[in-house]
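A short worksheet on the structure shown next.
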Amino acid sequence: MSLSALLRSAASIVAIVGAIFTLAGVTTAAAKERKSYQVSATYKITLNSFAIGTLRYESSVGLNGYVVESKIELSALFGAVSWKGATRSSGTLNEARPKPAYYAFDFQGSTGTGAVQVGFGAAGVSSLSVRPARSLAADTVPLEGKHLKGVLDPLSAVLALTRTGGKSPCGRKVAIFDGQQRFDLELYYRRQQPLGQGKAIVCRVKYRPIAGYRPNDETKAMSRSTSIEIAFRPVAGAGLMVPDQITVPTISGPIGLKAQRIDIKTSDRREIALVKERAW
């Protein structure tokens, strides 16, 4: 696999897994208590234990609506090969789950630039724009209308996975469409592990491709994997459960995301610095 292809592979997996879990912020109970919150976070990204980039996350969640943004930067060979991606999602909230209205993903890198825009209606995806237009490989599993109903974009899935009502973040399932792929992510309880003065809850993540994907070696390996994990850090007294670390085994080596800094501000103007500038 070429280095540029490796970076595209890493970016794809980070977008699928990292964007979904990179801040599973506030439980339903906390949302009811504080009405709104803002989250700012930075994660480092590694491949085979070598630093290859960062992911920055910003969210603003009110009583009835939300805006979530993330930026990913990947590079190798001292910047000779690079990739940047930015995502944005907005929508409304109800007691059941977020209802996305708009999702955008823009990227640029050594191999080109592009953009994806997805509009949502009451039943699911209502519009889709992909630039530049791409010719699908012959073995691509085709998308059908039924695949685009009742789905969330990756960033809205962040909020869906956090509205746990104070329960464990594991034992959840979300249906996701990212503008190209339709897939499910399922979380299963795996274990608890020491973390600072407390314990982290570790969930196993199962990736199930549905449509819009190629059944190549990478996809098959991801779908068979039982080693994708996310460790959630509880915040005592704040009703919060946030990811501290994510591990994704791939055919190119393990990809990791680890929290470097997380800041949370609630509507009562209370600030929480959950993680303070970890050394790489």
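These numbers were taken from a predicted model, which means no experiment stands behind them.
Applying the side-chain contact (heavy atoms from CB on, under 4.5 Å) test to Lys220 and every residue at least two apart in sequence or in another chain returns Pro215, Arg224. In this structure, the salt bridge (Lys or Arg N to Asp or Glu O under 4.0 Å) partners of Lys146, at least two apart in sequence or on a different chain, are Glu144. Looking at residues two or more places apart in sequence or on another chain, you find no side chain to side chain donor-acceptor pair (under 3.5 Å) involving Asp217. Evaluation of the side-chain contact (heavy atoms from CB on, under 4.5 Å) rule for Ala200 yields Gln193, Leu195, Ala231 as partners, not counting sequence neighbours. Here Thr219 pairs with Asn216 under the side chain to side chain donor-acceptor pair (under 3.5 Å) rule; sequence neighbours left out. For Glu229, the side chain to side chain donor-acceptor pair (under 3.5 Å) test picks out Arg190, Arg191, with sequence neighbours left out. Every residue meeting the salt bridge (Lys or Arg N to Asp or Glu O under 4.0 Å) condition with Glu69, not counting sequence neighbours, appears here in chain and number order: Arg88. Partners of Asn48 by side chain to side chain donor-acceptor pair (under 3.5 Å), not counting sequence neighbours: none found. Listed by chain and number, the residues in a salt bridge (Lys or Arg N to Asp or Glu O under 4.0 Å) with Asp184 are Lys173, Arg182 (sequence neighbours excluded).
The hydrophobic clustering, which links ILVMFWY residues whose side-chain heavy atoms are closer than 4.5 Å, places Ile228 and Val202 apart. Under the 4.5 Å side-chain contact rule for hydrophobic residues, Ile246 and Leu74 share a cluster. Note on Val174 and Met222: same hydrophobic cluster, where clusters join Ile, Leu, Val, Met, Phe, Trp and Tyr whose side-chain heavy atoms are under 4.5 Å apart, directly or indirectly.
With rounding to the nearest 0.5 angstrom, the CZ atom of Phe232 is 11.0 Å from the CG atom of Asp244. Between the NZ atom in Lys99 and the CG atom in Leu152 there is a gap of 9.5 Å [rounded to 0.5 Å]. The CH2 atom of Trp83 lies 5.0 Å from the CD1 atom of Ile72; values are rounded to the nearest 0.5 Å. To the nearest 0.5 angstrom, Phe183 atom CZ is 5.0 Å from Asp178 atom CG. Note that CD1 of Ile45 and OG1 of Thr54 are 6.0 Å apart. Values are rounded to the nearest 0.5 Å. Within the model, atoms CZ of Arg204 and OG of Ser227 stand 9.0 Å from one another, a figure rounded to the nearest 0.5 Å.
Residues Tyr43 and Ala259 come closest through the heavy atom pair CD2-N, 3.5 Å. Summarising the geometry of Gln181 relative to Gly212, their closest heavy-atom pair is CG-O, 3.6 Å, with the distance given to 0.1 Å. Ser40 and Glu58 make their closest contact through OG-OE2, 2.9 Å (heavy atoms, listed as atom of the first residue, atom of the second, distance). When every heavy atom of Gly179 is checked against every heavy atom of Val116, the shortest pair comes out as CA-CG1, 3.7 Å. In terms of heavy atoms, Val151 sits closest to Phe120 at O-CE2, 3.9 Å. Across all their heavy atoms, Pro98 and Tyr66 have their closest contact at CB-CE2, 3.6 Å.
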TODO: Evaluate the side-chain contact (heavy atoms from CB on, under 4.5 Å) criterion for residues Ile52 and Ser75: first the C-alpha distance (whole Å), next the side-chain angles of each, then the deciding distance (0.1 Å), finally the verdict.
DONE: CA-CA 5 Å; Ile52 63 168; Ser75 65; over 6 Å; no
Task: Worked verdict on Val205 versus Ile230 for side-chain contact (heavy atoms from CB on, under 4.5 Å) - done: CA-CA 7 Å; Val205 181; Ile230 174 170; 3.8 Å; yes
Task: side-chain contact (heavy atoms from CB on, under 4.5 Å) between Leu257 and Leu55, intermediate numbers included - done: CA-CA 8 Å; Leu257 281 80; Leu55 187 152; 4.1 Å; yes
Open item on the list: Would Tyr207 and Leu185 count as a side-chain contact (heavy atoms from CB on, under 4.5 Å) here? Give the steps.
Closed with: CA-CA 5 Å; Tyr207 163 68; Leu185 287 181; 4.0 Å; yes
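Between Ser59 and Val67 the shortest side-chain heavy-atom distance does not fall below 4.5 Å. The shortest distance between side-chain heavy atoms of Pro154 and Phe177 does not fall below 4.5 Å.
Side-chain rings of Phe107 and Phe105 approach one another, their centers coming within less than 6.0 Å.
Judged as a disulfide bond (SG atoms under 2.5 Å apart), the pairs with a partner in residues 178-215 (not counting sequence neighbours) are, in order, Cys170-Cys203. Applying the side chain to side chain donor-acceptor pair (under 3.5 Å) test to residues at least two apart or on different chains, the pairs with a partner in residues 113-126 are Tyr102-Gln117.
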Atom pairs and distances, donor-acceptor, side-chain atoms in residues 128-143, under 3.5 Å, two or more places apart:
from: Arg134; atom 1: NH1; to: Gln180; atom 2: OE1; distance (Å): 3.2
from: Asp139; atom 1: OD1; to: Arg214; atom 2: NE; distance (Å): 2.8
from: Asp139; atom 1: OD1; to: Arg214; atom 2: NH2; distance (Å): 3.4
from: Asp139; atom 1: OD2; to: Arg214; atom 2: NH2; distance (Å): 3.4
from: Thr140; atom 1: OG1; to: Ala137; atom 2: N; distance (Å): 3.4
from: Thr140; atom 1: OG1; to: Ala137; atom 2: O; distance (Å): 3.1

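Checked by atom type and distance alone, the side chain of Lys206 pairs as donor or acceptor with a backbone atom of Ser223 at under 3.5 Å.
Between Arg208 and Glu186, at least one side-chain nitrogen of the basic residue sits less than 4.0 Å from a carboxylate oxygen of the acidic one, meeting the salt-bridge criterion.
A side-chain N or O of Lys258 and one of Gln245 form a donor-acceptor pair less than 3.5 Å apart.
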